[in-house]
Amino acid sequence: MIRAEDFPAGFVWGASTASYQIEGAHDVDGRGPSIWDAFSAEPGRVKNGDTGNIACDHYHRYREDVALMRTANFSAYRFSVSWSRVLPEGRGAANAAGLDFYDRLTDELLAQGIEPWLCLYHWDLPLALHEAGLGWTSREIVPLFADYAGLLAQLLGDRVARWATFNEPNMFTMLGHGAGVHAPGLRGRETWLDAVHHVNLAHGAAVRRLRAELPAGSLIGSVPNLQPAVPATDSGADREAAARMDAVMNRATADPVFLGKYDPLTREWMGDRIRPGDEEAIYAPLDWLGLNHYSPQYASAHPNSWGFRMADPPEGAETTLMGWHVKPEAFRDVLIETSERYRLPVYVTENGMADDGEPDAAGEVNDAGRIHYLERYLGAVLDARAGGADVRGYLVWSMLDNFEWAMGYGPRFGIVHVDYQTLRRTPKASYHWLAALAGGSAVSGP
Ligand code: IFM
């Protein structure tokens, strides 16, 4: 049984979301398109042809959603800003109506006693930048991202105290610029490495701009997704494959940002992309680290340009709807390692599981599987703390069922069910379970 009193006073409870996954209102109030609007409009890119056009319509229903956060006893909410809603061209003239949305959302959160945690980038690059050749494969994006950060700091710096630059830079560079299965659909090793280095540089430039614009005491961090790379077998070749996977999937975007140095393997792959002074430009001391984690990943040797490929979890392993291995011990280990390696306060900014549960005849969503998952993963947080990890909060992914990128609306990650026809919100059993925990009552499992 997980008990509220096992967590220290001040432990932060909350939820995370992302702009394109929940906002909808894709063509409202002057928002410009993002690469995800274009990608999801291309036949065959997203399951069932789903798009984020309406999503959860959070843009119009944010007050109802914030009220649900309050009754969940959450003290923090991490959201991301849609860059093309506030800068429809990605640069140049700002869109006052788009800025106003984040202004209202921030005020509503504060009015309900919830800290706004703002993430600058959760994957929805303005399409205009991509079309102008100024996406992540271009080094010219670096000052544009810093300007975007500065704009938001000027607008919200008086009320938003906690900022993150990127959500899962490792994932969107790989999925969108290497594997080609996410927007903007680029495939290849060179575009992947280009994107990684430019995202790292953009992080450093944005942190400096935020520091210059924000009041003293503002807390700036970044949000990697760290998944232990595990060899599929005990062979030397698979162990080597896992080391390579770890370098490109975990270290390439985290080490330069949190330590100021690329690891040797990534440095070799980057070659002359790394110009003199780049590592110094990437590194800017941070105040916190947001850790997203779902499962370990498995690697086996393969004669491609990386020397590895993704392998399935071990035979018989418990997996979620996404095929991800449920292994809380891996979460404990990664929390301890992250805390030790990067020496920053760690907040879990995403963790959770997908199911496809619908309301029953009584209108209730009894997601016992999710509660069981959360119970074990929160147990891992406690184990990590006991093992010395400085973990200070847990924000579940996700507040609402939402647009799960290339998988569309199939997998449901929310603690609140969303009926995509009526947009009605139904708090699930896991919502009530987490609310009891966040509110300080002891809760037992399902
Ligand atoms: O939905 C995503 C989120 O956008 C980034 N982290 C993983 C989640 C589940 O796949």
Side-chain angles (χ1 to χ4, degrees), residues 14-24 34-37 39-40 45-47 50-52 55-56 58 77-83 117-125 164-177 179 181-184 199 221-228 249-250 253-254 289-297 310 313 319-326 330-331 334 338 347-356 367 369-370 373-374 377 394-418 420 430:
S16 292
T17 65
S19 46
Y20 191 73
Q21 293 183 272
I22 64 164
E23 284 180 2
S34 77
I35 52 172
W36 269 98
D37 294 276
F39 190 75
S40 57
R45 292 298 206 174
V46 176
K47 205 160 175 194
D50 289 345
T51 73
C56 307
H58 172 75
Y77 170 55
R78 185 179 69 111
F79 61 96
S80 74
V81 171
S82 157
W83 185 346
W117 291 21
L118 188 153
C119 180
L120 293 171
Y121 189 83
H122 197 132
W123 308 3
D124 45 355
L125 182 79
T165 52
F166 287 99
N167 185 75
E168 300 185 4
N170 52 340
M171 297 309 289
F172 79 81
T173 49
M174 184 272 283
L175 295 166
H177 304 77
V181 295
H182 275 196
V199 165
S222 187
V223 178
N225 173 317
L226 298 174
Q227 316 179 75
M249 291 299 299
N250 293 325
T253 47
L289 182 152
L291 175 70
N292 293 1
H293 173 88
Y294 292 87
S295 94
Q297 55 192 341
M310 300 269 199
T319 56
T320 67
L321 195 65
M322 304 292 282
W324 298 346
H325 188 180
V326 178
F331 189 34
V334 83
T338 302
Y347 293 84
V348 178
T349 37
E350 282 189 29
N351 174 246
M353 67 166 274
D355 64 19
D356 51 7
D367 56 341
R370 178 173 289 103
Y373 176 101
L374 293 176
Y377 273 72
Y394 181 91
L395 280 66
V396 71
W397 183 268
S398 183
M399 188 64 208
L400 304 170
D401 289 340
N402 61 56
F403 177 79
E404 179 53 23
W405 306 114
M407 299 185 73
Y409 292 101
R412 291 177 173 273
F413 274 92
I415 55 167
V416 173
H417 179 273
V418 177
Y420 296 119
S430 57

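Keep in mind that the numbers below use all heavy atoms, side chains included, and drop hydrogens, waters and symmetry copies. Small disclaimer: the values here were computed from a predicted structure and weren't measured. Start at 1 and go down the list; that is how both ligands and their atoms are numbered.
Using cut-offs of 30° and 60° for the angle between ring planes, the Trp117 and Tyr347 rings count as perpendicular. Using cut-offs of 30° and 60° for the angle between ring planes, the Trp83 and Tyr121 rings count as perpendicular.
What sits closest to atom 5 (C) of ligand 1 on the protein, heavy atoms only, is Glu350 OE1, 3.3 Å.
Using modelled atom types and a 3.5 Å distance limit, the side chains of Ser80 and Ser19 yield a donor-acceptor pair.
Close approach to Trp123 involves these atoms of ligand 1, each under 4.0 Å from a residue heavy atom: 5 (C). For ligand 1, the atoms lying closer than 4.0 Å to a non-hydrogen atom of Glu168 are 5 (C), 6 (N), 7 (C). When each atom of ligand 1 is checked for a heavy atom of Glu404 under 4.0 Å away, the hits are 1 (O), 2 (C), 9 (C), 10 (O). Near His122, with a cut-off below 4.0 Å to any heavy atom, the atoms of ligand 1 are 3 (C), 4 (O), 5 (C). For ligand 1 and Trp405, the ligand atoms under 4.0 Å from any heavy atom of the residue are 1 (O), 2 (C), 3 (C), 4 (O).
The distance criterion of under 3.5 Å between nitrogen or oxygen atoms is not met by Asn292 with respect to ligand 1.
Partner of Tyr373 under the side-chain hydrogen bond (donor to acceptor under 3.5 Å, both in side chains) criterion, chosen from Asp367, Asn351, Thr320: Asn351.
Taking a 4.0 Å cut-off on heavy atoms, Met171 fails to register as neighbouring ligand 1. Look at Trp324 and you'll find a heavy atom under 4.0 Å from some atom of ligand 1.
Separation of the Tyr294 and Trp397 ring centroids does not fall under the 6.0 Å cut-off.
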Chi angles and distances behind the salt bridge (Lys or Arg N to Asp or Glu O under 4.0 Å) call for Glu350, Arg78: CA-CA 10 Å; Glu350 282 189 29; Arg78 185 179 69 111; 3.0 Å; yes
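In this structure, Glu404 contributes its side chain and Tyr409 its backbone to no donor-acceptor pair below 3.5 Å.
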